[in-house]
Amino acid sequence: MSEAKWYVVHTYSGYENKVKANIEKTIENRHLEDQILEVRVPLQDVVEMKNGTAKQVQKKLFPGYVLLNMIMNDDTWYVVRNTRGVTGFVGPGSKPVPLTEEEMLPLGIKDEPVAVDFAEGDQVVVTGGVWKDTAGVITAINMQKQVVTINVELFGRETPVEISFAEVKKL
C-alpha cells in the first residue's frame, strides 16, 4: 500500500467547510477511513478591530482551498473530485501533486507519531470535548489519525466514538 500524502483541493470560495463536511460524510459512507485520513481547512487566529474593540477571530489561511491527507488512487481521486463544491486538485492537468515537507512546515502540520501508554481493552476516561468525563473501553487505536475508538453508552446502547489521543486518560 502506498503512503498517505497531503494534497490541496480547490473549492468554490466560501464552500471550504461544506466541502470538508461532504468529504467526511462520503469517507464514512464508503468506508474510506483507511485511505482518506484527514480533511482540513487551515485557520489562523487574527485580531480584528470593530467599533474600537479588539476581537480575536479565526480566519481561513487559504480561502478557497482544503487540505487532504490521503492515499492517492482512482477511488479516492474520484470521490474527492466529484464532491459538490470541489473544482479540482491543485496540480498540472488532472494529476494532483502532493505537498512537500518544506511546504508543510509553515502550516504547522507535523506527522510526528505520539507515544501512547494505553492499548485495546484498557479502561479510559475522556478529559475534554463533548464526551468529557465519560468512561469507556478502548476497542481500536488508529495511530495515523491519532485517535482511539471507545464504546460509550448513548440512549441505552453501546456506541463507538472516536476520541483524540490528547483527550483520553488511562484509568
Side-chain angles (χ1 to χ4, degrees), residues 3-29 32-33 35-72 76-77 79-116 124-134 136 142-150 152 154 159 161-169:
E3 185 181 328
K5 294 187 166 103
W6 285 94
Y7 294 90
V8 181
V9 174
H10 188 262
T11 68
Y12 295 131
S13 185
Y15 279 70
E16 300 88 351
N17 292 328
K18 186 79 170 157
V19 165
K20 178 180 189 262
N22 287 342
I23 291 174
E24 286 173 343
K25 185 163 277 313
T26 305
I27 291 168
E28 189 179 314
N29 292 341
L32 295 172
E33 294 90 350
Q35 295 178 42
I36 303 176
L37 307 174
E38 190 175 351
V39 184
R40 218 182 246 198
V41 178
L43 300 171
Q44 64 180 345
D45 291 325
V46 178
V47 177
E48 279 187 352
M49 292 295 286
K50 276 198 177 173
N51 301 330
T53 329
K55 185 179 177 185
Q56 182 134 358
V57 295
Q58 286 196 319
K59 293 245 181 191
K60 293 180 181 87
L61 195 56
F62 306 112
Y65 294 94
V66 174
L67 298 177
L68 291 162
N69 188 11
M70 61 187 266
I71 297 168
M72 184 59 69
T76 56
W77 181 90
V79 164
V80 173
R81 183 64 187 87
N82 290 294
T83 299
R84 182 177 299 214
V86 171
T87 59
F89 281 94
V90 172
S94 63
K95 176 111 174 72
V97 177
L99 293 174
T100 64
E101 288 296 319
E102 294 79 36
E103 293 168 327
M104 294 301 295
L105 284 175
L107 301 178
I109 300 171
K110 298 177 183 77
D111 288 336
E112 297 173 5
V114 174
V116 291
V124 294
V125 66
V126 181
T127 58
V130 179
W131 298 99
K132 185 174 176 149
D133 300 328
T134 304
N142 186 332
M143 295 303 277
Q144 283 185 315
K145 288 174 76 175
Q146 307 279 302
V147 294
V148 294
T149 303
I150 65 170
V152 296
L154 182 67
T159 307
V161 177
E162 280 190 352
I163 309 286
S164 164
F165 286 169
E167 295 178 343
V168 175
K169 185 175 76 175

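Separation of atoms CD1 (I36) and OG1 (T76) is listed at 5.5 Å; rounding is to 0.5 Å. If you take CD1 on I71 and CD on Q35, they are separated by 6.0 Å, rounding to the nearest 0.5 Å. Going from atom CG of N69 over to atom NZ of K5 covers 11.0 Å, rounded to the nearest 0.5 Å. One distance of note links NZ of K18 with CZ of R84; it measures 8.5 Å at 0.5 Å rounding. Considering OG1 of T100 and CH2 of W6, their distance stands at 14.0 Å, rounded to 0.5 Å. Here the OG1 atom belonging to T149 is positioned 4.5 Å from the CD atom belonging to E162, to the nearest 0.5 angstrom.
In this structure E48 satisfies the side-chain hydrogen bond (donor to acceptor under 3.5 Å, both in side chains) test together with K59, sequence neighbours excluded.
Checked options L68, L32, V9; the residue passing with I23 is L68 (criterion: side chain to side chain contact (heavy atoms under 4.5 Å, CB included)).
Look at K20 and E16 and you find no salt bridge, because none of the NZ, NE, NH1 or NH2 atoms lies under 4.0 Å from a carboxylate O.
The side-chain heavy atoms of D45 and V57, taken from C-beta on, include no pair separated by under 4.5 Å. For the pair V124/I150, a side-chain contact is recorded, criterion being any heavy-atom separation below 4.5 Å from C-beta on. No side-chain heavy atom of T127 sits less than 4.5 Å from a side-chain heavy atom of V168. Between L99 and V8 the shortest side-chain heavy-atom distance falls below 4.5 Å. Between M72 and P96 the shortest side-chain heavy-atom distance falls below 4.5 Å. The shortest distance between side-chain heavy atoms of V66 and V39 falls below 4.5 Å.
Classification of the Y7-F89 ring pair by plane angle, with boundaries at 30° and 60°, yields perpendicular.
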Quick one, K60 with L43, criterion side chain to side chain contact (heavy atoms under 4.5 Å, CB included). Give me CA distance, side-chain angles, the key distance, then yes/no. CA-CA 4 Å; K60 293 180 181 87; L43 300 171; 4.0 Å; yes
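In plain terms, the two heavy atoms of V47 and A54 that are nearest each other are CG1-CB, 3.9 Å. When all heavy atoms of L37 and A4 are compared, the closest pair comes out as CD1-CB, 3.5 Å. What you find for V90 and Y65 is that their closest heavy atoms are CG2-CE2, 3.7 Å. Listed here is the closest heavy atom pair of G91 and V97: CA-CG2, 4.0 Å. Minimum heavy-atom separation, V80 to M70: CG2-SD, 4.1 Å.
No side-chain donor-acceptor contact under 3.5 Å links T83 to the backbone of V86.
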